[in-house]
Amino acid sequence: MTFYLVAGSGASTTPAASTEHLPSNRARRDPSDTTDAEWQAIASLIPTGRPGRRGGRPPTHARRDIVDAIRYLAHNGCVWRALPADLPPWQTVYDSHARWTADGTVNHLHKYLREQVRVAAGRDRAPSAAIIDSQSVRAAETVALSSRGYDAGKKVNGRKRHIAVDTTGLLLVVAVSAASVQDRQAGRALI
């Protein structure tokens, strides 16, 4: 079973002022672009990309442009290589996304935004209850036999995604397993 934790644990980012980021000269015209208010809310959670103790190359692309490129991909469902020319190169965007996923920045950002939504709705920052559900999905022939199974109830040969959300519907954790895994087993693992 593969877990995708979106609760924000293990994030190793240090807060950065939005003035520490390279300024963006790009015109904001796509629906997926960050507004000034959105960027102010998340800028402190995005690593600045400055050279570390061991050296490194200084950043050449504004982090706001990289975030806009990632949002463009998520909004339009396109491939990495199909990014518009006014966004940073796809290799830069992909590398930043991979690093931010590995170091916990994405989870930390998700947790922070979820807490802000909960507070705005008049709730506690941390959820006290969760709702768990699962869905069986047919797997393509390219998916390895070792990672898929047969869900007899749904008559599906593939994988099953188990999702936990808080009572407002905000995502907490996702687990992917073979379709043959029972919901009660996956539910214990999610909790």
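If you're wondering where the values come from, they're calculated on a predicted model, not measured in any experiment. Side chains are part of it too, since the values below use all heavy atoms of this structure and drop only hydrogens, waters and symmetry mates.
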Discussion item. Quick check: closest heavy atoms across Y112 and A41, and the distance to 0.1 Å?
Written reply: CE2-O, 3.5 Å
Discussion item. Under a 3.5 Å threshold, yes or no: a donor from one side chain and an acceptor from the other, between D30 and S32?
Written reply: no
Discussion item. Less than 4.5 Å apart, side chain to side chain, heavy atoms only: is that true for V156 and V137?
Written reply: no
Worksheet item: Is V176 reachable from V143 through a run of I, L, V, M, F, W or Y residues, each pair having side-chain heavy atoms under 4.5 Å apart?
Response: no
Fill in: With sequence neighbours excluded, residues passing ring-ring contact (aromatic ring centres under 6.0 Å, His included) with H97
W80
Worksheet item: What about I131 and I163, same hydrophobic cluster or not, with Ile/Leu/Val/Met/Phe/Trp/Tyr joined at side-chain heavy-atom distances under 4.5 Å?
Response: yes
Worksheet item: Taking side chain as C-beta onward, heavy atoms only, is W100 less than 4.5 Å from V67?
Response: yes
Discussion item. Applying a strict under-4.5 Å side-chain criterion to I, L, V, M, F, W and Y, I'd like to know whether I66 and L113 cluster together.
Written reply: yes
Practice prompt. Calculate, to the nearest 0.5 Å, the distance between atoms CG and CD belonging to N157 and E141 respectively.
Written response: 10.5 Å
Discussion item. Is the shortest side-chain heavy-atom distance between R118 and P127 below 4.5 Å?
Written reply: yes
Practice prompt. Report the residues that fulfil side-chain hydrogen bond (donor to acceptor under 3.5 Å, both in side chains) with R99, sequence neighbours left out, ordered by chain and then residue number.
Written response: D95
Worksheet entry | T34 side chain to R64 side chain, donor-acceptor N/O pair below 3.5 angstrom | yes
Worksheet entry | Reported CG-to-CG distance for the pair L22 and D65, which is rounded to 0.5 angstrom | 9.5 Å
Worksheet, complete the sentence: To the nearest 0.5 Å, atom CD of Q182 lies from atom OG of S177 at 10.0 Å
Practice prompt. Verify side chain to side chain contact (heavy atoms under 4.5 Å, CB included) between W39 and S24, making sure each step is shown before the conclusion.
Written response: CA-CA 11 Å; W39 178 245; S24 174; over 6 Å; no
Discussion item. I'd like to check the side-chain contact (heavy atoms from CB on, under 4.5 Å) partners of T35; sequence neighbours left out, ordered by chain and number.
Written reply: A37, E38
Worksheet entry | Counterpart residues, salt bridge (Lys or Arg N to Asp or Glu O under 4.0 Å), relative to D151 (two or more places apart) | K160
Fill in: Counterpart residues, side-chain hydrogen bond (donor to acceptor under 3.5 Å, both in side chains), relative to R188 (two or more places apart)
none
Practice prompt. Among residues two or more places apart or on two chains, list those pairs meeting salt bridge (charged side-chain N to carboxylate O under 4.0 Å, His left out) that have a residue in residues 122-140.
Written response: E115-R125
Worksheet item: Distance from S147 atom OG to R159 atom CZ, nearest 0.5 Å?
Response: 3.5 Å
Fill in: Test item: D68 and R28 side chains (from C-beta on) under 4.5 Å apart, heavy atoms
yes
Worksheet, complete the sentence: By side-chain hydrogen bond (donor to acceptor under 3.5 Å, both in side chains), N25 pairs with (sequence neighbours left out) none
Check: residues 85-93 side-chain donor-acceptor pairs under 3.5 Å, at least two apart:
| from | atom 1 | to | atom 2 | distance (Å) |
| --- | --- | --- | --- | --- |
| D86 | OD2 | R26 | NE | 3.2 |
| D86 | OD2 | R29 | NH2 | 3.2 |

Practice prompt. Indicate, with yes or no, if V106 and L73 share a hydrophobic cluster defined by side-chain heavy-atom contacts under 4.5 Å among Ile, Leu, Val, Met, Phe, Trp and Tyr.
Written response: yes
Practice prompt. Mark yes or no for whether H21, through its side chain, and A43, through its backbone, hold a donor-acceptor pair below 3.5 Å.
Written response: yes
Worksheet entry | Over all atoms of both residues, closest heavy-atom pair of C78 and Y72 | SG-CE2, 3.8 Å
Worksheet item: With R63, which residues qualify under salt bridge (Lys or Arg N to Asp or Glu O under 4.0 Å), at least two apart?
Response: none
Practice prompt. I would like to know whether L171 and H110 meet side chain to side chain contact (heavy atoms under 4.5 Å, CB included); could you show each step before the answer?
Written response: CA-CA 9 Å; L171 192 60; H110 187 271; 4.1 Å; yes
Worksheet entry | Residues which pass side-chain contact (heavy atoms from CB on, under 4.5 Å) with A126, listed by chain and number, not counting sequence neighbours | none
Fill in: Within one Ile-Leu-Val-Met-Phe-Trp-Tyr cluster: I42 and L170, side-chain cutoff 4.5 Å
no
Response to the item:
Taken to the nearest 0.5 Å, the spacing of S136 OG from R148 CZ works out to 13.5 Å
Discussion item. List the residues meeting side-chain hydrogen bond (donor to acceptor under 3.5 Å, both in side chains) with T168, not counting sequence neighbours, and say none if there are none.
Written reply: D166
Worksheet entry | Pairs satisfying salt bridge (charged side-chain N to carboxylate O under 4.0 Å, His left out), at least one member in residues 72-82, at least two apart | none
Practice prompt. Would you indicate whether the side-chain heavy atoms of L190 and L172 approach each other to under 4.5 Å?
Written response: no
